[in-house]
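Encoded as structure tokens, the structure appears first; notes follow it.
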Amino acid sequence: MWKCPKCGRAFQNMGQHHFCGESPNTIEDYIAEQSEEVQLRLRQVYAAIKAVLPDATEKISWQMPTFWKGRNLIHFAASKHHIGLYPGGKATTVFADQLTEYPTSKGTIRFPNHQPLPLELIAEIARWCGQENAK
Ligand SMILES: [Zn+2]
């Protein structure tokens, strides 16, 4: 846990990039708070996940855009130099072979801002999260 010294909000990730104002309540609001360049990338990630998890509830959880169905399925978030995808620790193990190009730690994948987004892979991971949850 990390607490922003400016606004006092708590985040899961150290130095989490955010807007120190009112908390966004929807994924759209969250995206709208980011820079234009980041917004474009976030919208691509959002659309890729939404397409494969159409019946999940969308919300902000842990200050991050979240797809939820009985529990959190997957989160994504903008940081200064990357977009983070948080599909859970099992997913990063299962997809490890396809994630070698991206900085990955247990439960966290970082897509650097200077690299194209692997949207098909993101969709595949999100779909897997939905299938795992349905088991
Ligand atoms: Zn803050």
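In this text the structure is predicted, and so the values were computed from the model without any measurement. Read the numbers this way: they start at 1 and go in the same order the structure lists the ligands and their atoms.
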Residue pair Arg43 / Gln39, side-chain donor-acceptor N/O under 3.5 Å: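 Distance-only check passes for Arg43 and Gln39.
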
Donor on one side chain, acceptor on other, Thr66 and His75, under 3.5 Å: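 Their side chains do contain a donor-acceptor pair, which is all the 3.5 Å distance test asks for.
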
Qualifying residue, where the test is side chain to side chain donor-acceptor pair (under 3.5 Å) with Lys69 and the options are Asn133, Thr57, Asp55: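 Of all the options given, the one that passes is Asp55.
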
Tally, protein N/O/S atoms nearer to the Zn ion (ligand 1) than 2.8 Å: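 Atoms of protein N, O or S type lying less than 2.8 Å from the Zn ion (ligand 1) total 4.
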
Within residues 101-120 or reaching into it, pairs that qualify as salt bridge (Lys or Arg N to Asp or Glu O under 4.0 Å) - sequence neighbours excluded: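 As it turns out, there is no salt bridge (Lys or Arg N to Asp or Glu O under 4.0 Å) pair with a partner in residues 101-120 once direct neighbours are skipped.
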
Plane angle bin for Phe95 and Trp128 - parallel if under 30°, tilted between 30 and 60°, otherwise perpendicular: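 The arrangement is perpendicular - the two ring planes meet at more than 60°.
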
Exercise: identify the closest heavy-atom pair between Ala78 and Leu42: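 Taking every non-hydrogen atom into account, CB-CD1, 4.0 Å.
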
